[in-house]
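Because the structure is a prediction, the values reported are computed rather than measured. Proteins get letters first, then strands, A, B, ... in listed order; numbering begins at 1 in each.
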Protein chains: 2
Amino acid sequence: MKNILIEKAWRGADRCKNCAIRHLVLFSDLDHQDFDRIHHPIDDIDYEPGSWIYHQGDEMPFVYTIRSGLIKLIQHLPNGDRRIVRLLRQGDLAGLESLNGQNADHDAVTLDHVSVCRIPRSVIKTLQRDTPNLHDALIKRWQKALSGADSWITKLSTGNAKQRVARLLLLLDQASTDDSFFLPTREDMGAMLGVTTESASKATAEFKRQNWLKALSHNRAWIDTDELQRQFD
Amino acid sequence: MKNILIEKAWRGADRCKNCAIRHLVLFSDLDHQDFDRIHHPIDDIDYEPGSWIYHQGDEMPFVYTIRSGLIKLIQHLPNGDRRIVRLLRQGDLAGLESLNGQNADHDAVTLDHVSVCRIPRSVIKTLQRDTPNLHDALIKRWQKALSGADSWITKLSTGNAKQRVARLLLLLDQASTDDSFFLPTREDMGAMLGVTTESASKATAEFKRQNWLKALSHNRAWIDTDELQRQFD
DNA sequence: TTTCAGCATTGAAAATTTTCAATTCACCCG
DNA sequence: CGGGTGAATTGAAAATTTTCAATGCTGAAA
């Protein structure tokens with residue numbers, strides 16, 4: 001049994017070396033020698049849309065590199081209110097707080113089909129001791145998460161409902177590689193913006209009427225970025 | 001001239017060794033040998049209330065450990081709107097983004113009398129190469145900043161104006177060591193909560209009428225935490 | 001093809017927030 | 001002690017958002 005696990009571990013680290021998106025993920029700067037230090041299984045996992053990766057309060061033995069797809073981080077208030085506080089996409093890390101031994105700060109829920117690479121905390125800890133490159137990579141993730149959180153406050157939690165929806169659409173569009181982008185449900189939009197589902201819907205519908213937003217296939221949309229920017233900046 | 005600077009540098013590092021709040025600041029885990037690596041001046045600086053420590057967009061050659069006092073981080077939107085996105089207090093780091101070579105993400109403005117310890121980025125970079133302890137300390141600061149940002153979103157940017165004001169007061173009270181706490185201006189409260197100055201004022205005044213909030217000396221207040229929690233949680 | 005379930009949209013009334021214009025308050029200064 | 005200044009508070013009207021209920025739309029299942 002032990003052998004099987006170790007075998008799996010090595011396969012895991014080997015996969016990392018040849019990972020197609022390695023330049024985007026956590027191990028981009030490691031060299032071959034570094035990989036040889038990894039003695040714990042790193043697994044690729046796929047999730048259906050709407051899957052819970054972990055729950056707020058869970059113990060966190062893993063950190064997750066997102067290979068593809070979109071994840072929402074939900075935080076609950078004692079009174080039952082909840083906000084989506086961040087979206088994670090390719091190259092981001094979910095469960096950063098595990099590295100400090102903390103329990104999960106959020107629910108992590110997939111918005112579409114998501115593929116992650118699940119890394120035991122112990123692997124990070126081990127590598128951290130000897131590979132400065134990993135430090136830098138981690139610091140960069142932390143920095144990115146933090147500036148994401150800041151702009152979530154200034155862009156998505158400030159101004160009236162239409163402004164917020166416009167800024168959310170612009171952010172989603174900007175983060176997308178092609179010219180369409182993921183359009184969340186109105187309920188999720190509301191939870192991101194701190195407004196009701198109906199308010200999110202009213203703003204969205206208004207933008208559609210103005211032809212500033214066009215729904216394409218399921219969950220995908222296009223926007224007139226210039227016009228939205230001009231109107232709501 | 002060079003000698004003067006180096007002399008100053010040694011004095012700086014020496015001060016750190018004997019710093020009264022060293023357990024709270026960035027260098028808590030360094031040993032004597034580590035301090036000997038510091039060859040750049042670390043200065044103690046005091047600021048009057050309302051001083052700008054740096055401006056959004058500034059190049060950032062320093063990171064600042066807060067020894068005492070309270071700092072607001074302000075972020076501006078292109079349209080001129082602005083939000084206070086975080087408060088920093090003893091032991092927190094301002095200008096984290098400097099460590100990635102980025103320009104300042106915020107204005108940092110003192111709310112009361114503030115004393116900081118200004119550390120050149122180069123010192124951190126140098127120490128980082130050789131002292132794993134500093135890594136951990138940095139990671140912890142980042143983690144704290146991030147979870148602060150998250151709860152800013154869920155607690156201070158969600159719900160109606162009264163709820164937000166109540167949660168802000170509870171946070172300020174909780175962070176305080178004695179039984180009074182720093183009560184910001186209504187304008188700053190508004191900028192923290194994403195509501196107008198008047199809305200912040202109306203909620204605050206209402207709490208005073210209910211005797212859930214009492215203004216003490218200038219800028220200091222007391223709250224009935226149980227009652228505020230029960231009412232607005 | 002029809003039906004159904006789950007979103008999305010809409011409308012109207014109620015509630016909240018903003019806006020704008022006074023006051024009022026607290027404190028500093030001469 | 002009186003005046004003056006900046007912040008805080010208040011009130012009323014306008015604007016926005018929520019609430020609640022109804023209706024529409026779309027894709028998947030039968």
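Going from atom CG of B:D188 over to atom P of D:dA7 covers 10 Å, rounded to whole Å. Atoms CZ (B:R220) and C1' (C:dC27) sit 19 Å apart, rounded to a whole Å. Atom C1' of nucleotide D:dT18 and atom CZ of A:R164 are separated by 13 Å, given to the nearest angstrom. The CD atom of A:E198 sits 16 Å away from the P atom of C:dA15 (whole-angstrom rounding). If you take CG of B:N160 and C1' of C:dA14, they are 15 Å apart, rounded to a whole angstrom. As rounded to whole Å, 11 Å separates atom P of C:dT17 from atom CG of B:L193.
Close to C:dA8, at under 4.0 Å from its OP1 or OP2, lies a side-chain N or O of A:R186. Proximity of B:R209 to the phosphate of D:dT10: a side-chain N or O atom is located under 4.0 Å from OP1 or OP2. Residue B:S199 places none of its side-chain N or O atoms closer than 4.0 Å to OP1 or OP2 of C:dT17. For C:dT18, the OP1/OP2 oxygens have a side-chain nitrogen or oxygen of B:T196 closer than 4.0 Å.
With C:dT16, D:dT9, D:dT17 as the choices, the nucleotide that has an atom nearest any side-chain atom of B:T204 turns out to be D:dT9. Distance from the side chain of B:K202 is smallest to D:dT10 among D:dT10, D:dT19, C:dT16. In the set D:dA8, C:dT9, D:dT16, C:dT9 carries the atom at the smallest distance from any side-chain atom of A:A205.
Relative to the ring axis of A:F62, A:R118 places its NZ or CZ within 45° and under 6.0 Å from the centre.
In this structure, B:H76 NE2 and B:R82 CZ are separated by 6.5 Å, a value rounded to the nearest 0.5 Å. The OH atom of A:Y54 sits 5.0 Å away from the CD atom of A:E97 when rounded to the nearest 0.5 Å.
The pair A:D92-A:K144 meets the salt-bridge criterion, with a side-chain N (NZ, NE, NH1 or NH2) lying under 4.0 Å from an Asp/Glu carboxylate O.
Across the helix from C:dT1-D:dA30 to C:dG30-D:dC1, the helix axis at one end is tilted relative to the axis at the other end by 30° (nearest 10 degrees, each axis from five pairs).
Contact of the B:L169 side chain with the B:L183 side chain is registered, since non-hydrogen atoms from C-beta on lie closer than 4.5 Å. A heavy-atom distance below 4.5 Å is found between the side chains of B:M192 and B:L87.
Closest-nucleotide positions on DNA chain D for A:H218 and A:K162 were compared, and the one nearer the 5' end corresponds to A:K162.
Contact annotation: side chain of A:K208 to base of C:dT10, donor-acceptor pair absent below 3.5 Å.
A:T185 comes within contact range of the sugar-phosphate backbone alone, with a heavy-atom separation under 4.0 Å but no base atom that close.
The list of salt bridge (charged side-chain N to carboxylate O under 4.0 Å, His left out) pairs with a residue in residues 151-179 of chain B, not counting sequence neighbours, reads B:D178-B:R220.
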